[in-house]
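Have a look at the structure below, then the notes.
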Protein chains: 2
Amino acid sequence: MDTNDLAGNVLDPNCPSRVVFQRIGDKWASLVIQVLGDGPVRFSELRKMVNVVTPKVLTQTLRALERDGLITRTVYAQVPPRVEYGLTDLGESLLQPLTLLRRWAESHVPTILEARDAYDDAQDEALLGSPN
Amino acid sequence: MDTNDLAGNVLDPNCPSRVVFQRIGDKWASLVIQVLGDGPVRFSELRKMVNVVTPKVLTQTLRALERDGLITRTVYAQVPPRVEYGLTDLGESLLQPLTLLRRWAESHVPTILEARDAYDDAQDEALLGSPN
DNA sequence: CCGTATCCTGCTTGATACTG
DNA sequence: CAGTATCAAGCAGGATACGG
């Protein structure tokens with residue numbers, strides 16, 4: 001039944017849909033996904049590209065994404081070891097909404113920053129006006 | 001200059017673009033925005049719709065969104081007090097990418113959940129296979 | 001090279017109680 | 001009605017060091 005209980009879904013913080021939003025908001029997950037959009041990357045490469053994240057945190061991020069079926073982890077039986085991460089089809093399909101969001105972000109962030117300044121200034125003035 | 005340093009931007013966790021991603025991932029912010037998409041709502045209504053969030057947390061969320069210029073806060077000088085929250089133009093413009101993301105979420109969440117089960121099962125078996 | 005183990009800190013979330 | 005104040009708890013993120 002395709003009732004419009006979509007709204008009801010979104011409002012429920014326990015709704016599984018929220019796992020996606022949480023991934024997006026995750027500090028590294030969305031970055032990793034977008035990096036992998038250009039093709040498979042090794043662990044150490046990923047570390048460098050994603051601006052020196054500690055191995056523990058990167059591993060956590062990667063495992064979570066792998067568990068969600070968004071990325072693949074391929075181990076090559078070599079010495080020294082070599083592990084490559086890449087997007088699954090599911091992961092690739094996320095690329096588009098992600099890119100759209102990124103474009104929105106990049107074009108509107110200046111406005112947001114201005115709004116913040118204005119808001120903070122207004123707060124300061126209000127405090128000066130009634131210090132007591 | 002519209003070089004393709006977009007990639008460079010995304011990889012920088014300090015890039016202001018990330019504030020948007022953080023709002024999306026915020027537990028309540030994206031919910032509030034989508035609720036307000038249907039028109040202005042009062043504080044108490046918001047509390048009920050968004051599944052009993054504590055007033056403190058809701059206020060925090062609302063203030064942050066207001067500071068970012070995404071929502072407006074209108075106080076009606078009445079007794080009892082009445083405060084309505086609504087989307088700004090900026091906030092409305094966020095609705096579209098947000099909806100797209102939500103649609104992706106709702107259509108792919110089952111797959112993600114399956115992937116998780118499969119992953120967890122594989123982990124369990126691996127542990128059973130080599131308990132030592 | 002690719003991680004894991006341990007410890008630690010700050011922020012987010014929440015419960016509870018109170019005010020204009 | 002629409003918040004604020006205070007306190008407490010959990011957990012994501014990180015520094016550092018070590019292992020396969």
Side-chain angles (χ1 to χ4, degrees), chain A residues 12-14 18-19 21-32 35-36 40-68 71-86 123 126-127 130 132, chain B residues 11-15 18-19 21-32 35-36 40-68 71-86 123 126-127 130 132:
Chain A
D12 185 0
N14 299 323
R18 291 214 54 79
V19 306
F21 287 77
Q22 308 227 344
R23 287 273 161 277
I24 303 298
D26 184 89
K27 187 165 184 178
W28 305 105
S30 54
L31 273 69
V32 167
V35 170
L36 296 187
V41 181
R42 303 179 60 167
F43 187 86
S44 52
E45 287 297 314
L46 220 36
R47 266 200 79 187
K48 279 183 280 184
M49 295 177 74
V50 151
N51 220 23
V52 273
V53 55
T54 62
K56 192 197 84 173
V57 174
L58 182 57
T59 300
Q60 279 179 350
T61 305
L62 259 15
R63 289 290 190 281
L65 291 175
E66 189 192 359
R67 191 171 100 103
D68 287 350
I71 68 173
T72 58
R73 178 174 179 269
T74 313
V75 182
Y76 297 92
Q78 300 180 356
V79 179
R82 179 177 161 206
V83 181
E84 274 191 357
Y85 293 89
Q123 291 307 86
L127 284 178
S130 60
N132 222 8
Chain B
L11 300 185
D12 184 1
N14 300 323
C15 172
R18 291 214 54 80
V19 307
F21 287 78
Q22 307 225 343
R23 287 271 162 276
I24 303 297
D26 184 271
K27 188 165 184 179
W28 305 105
S30 55
L31 274 69
V32 167
V35 170
L36 296 187
V41 182
R42 304 178 60 167
F43 187 86
S44 52
E45 287 298 314
L46 220 36
R47 264 199 81 187
K48 279 182 279 183
M49 296 177 76
V50 151
N51 219 27
V52 272
V53 56
T54 63
K56 193 197 82 174
V57 174
L58 182 58
T59 300
Q60 279 179 350
T61 305
L62 257 15
R63 289 289 189 281
L65 290 175
E66 189 192 0
R67 192 171 98 103
D68 287 351
I71 68 173
T72 59
R73 176 173 180 271
T74 311
V75 181
Y76 296 92
Q78 302 178 355
V79 178
R82 179 178 159 204
V83 181
E84 273 191 355
Y85 294 89
Q123 290 310 83
L127 284 178
S130 61
N132 223 8

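By convention in this document, chain letters (A, B, ...) are assigned in the order of the sequence lines, proteins followed by strands, and residues within each chain are numbered from 1.
- With sequence neighbours left out, A/Glu66 forms a salt bridge (Lys or Arg N to Asp or Glu O under 4.0 Å) with no residue at all.
- B/Trp28 contributes atom CH2, which lies 8.0 Å from atom OG1 of B/Thr54 (distance to the nearest 0.5 angstrom).
- Within residues 54-61 of chain B, the residues approached by DNA chain C to less than 4.0 Å at the level of any non-hydrogen atom are B/Thr54, B/Lys56, B/Val57, B/Gln60, in residue-number order.
- By the side chain to side chain contact (heavy atoms under 4.5 Å, CB included) test, B/Pro81 pairs with no residue at all, sequence neighbours left out.
- Across all strands, A/Arg47 comes closer than 4.0 Å to no nucleic acid atom at all (heavy-atom distances).
- When all heavy atoms of A/Phe21 and B/Ser30 are compared, the pair lying nearest together is CD2-OG, 4.0 Å.
- Under the 3.5 Å distance criterion, the side-chain polar atoms of B/Arg18 are matched with a main-chain donor or acceptor of A/Lys27.
- For the pair A/Val75/A/Arg73, a side-chain contact is recorded, criterion being any heavy-atom separation below 4.5 Å from C-beta on.
- In this structure the side chain of A/Arg23 reaches within 4.5 angstrom of the side chain of A/Leu65, judged on heavy atoms.
- Between B/Val32 and B/Val41, every side-chain heavy-atom pair lies at or beyond the 4.5 Å cut-off.
- Distance check, rounded to the nearest 0.5 Å: CG of B/Leu62 to CG of B/Leu36 gives 7.5 Å.
- Interatomic distance, OG1 of A/Thr61 versus CG of A/Leu46, reported as 9.0 Å (0.5 Å rounding).
- Between the B/Arg42 side chain and the B/Tyr85 main chain, no donor and acceptor come within less than 3.5 Å of each other.
- At a threshold of 4.0 angstrom between heavy atoms, the contacts of B/Tyr76 with the nucleic acid are absent.
- Taking for each of A/Val52 and B/Arg42 the nucleotide of DNA chain D with the nearest heavy atom, the 5'-most of the two is the partner of B/Arg42.
- Contact footprint of chain A on DNA chain D: nucleotides with an atom under 4.0 Å from a non-hydrogen protein atom, first to last in 5' to 3' order, D/dG13 to D/dG20.
- First and last contacting nucleotides of DNA chain C toward chain B (any atom under 4.0 angstrom from a heavy atom, 5' to 3' order): C/dT13 to C/dG20.
- A distance of 12.5 Å separates CD1 in B/Ile24 from CD in A/Gln22, rounded to the nearest 0.5 Å.
- Axis deviation across the helix from C/dC1-D/dG20 to C/dG20-D/dC1 amounts to 50°, comparing end segments of five pairs, rounded to 10 degrees.
- Side chains of B/Val19 and B/Asp68 form no contact here, defined as non-hydrogen atoms less than 4.5 Å apart.
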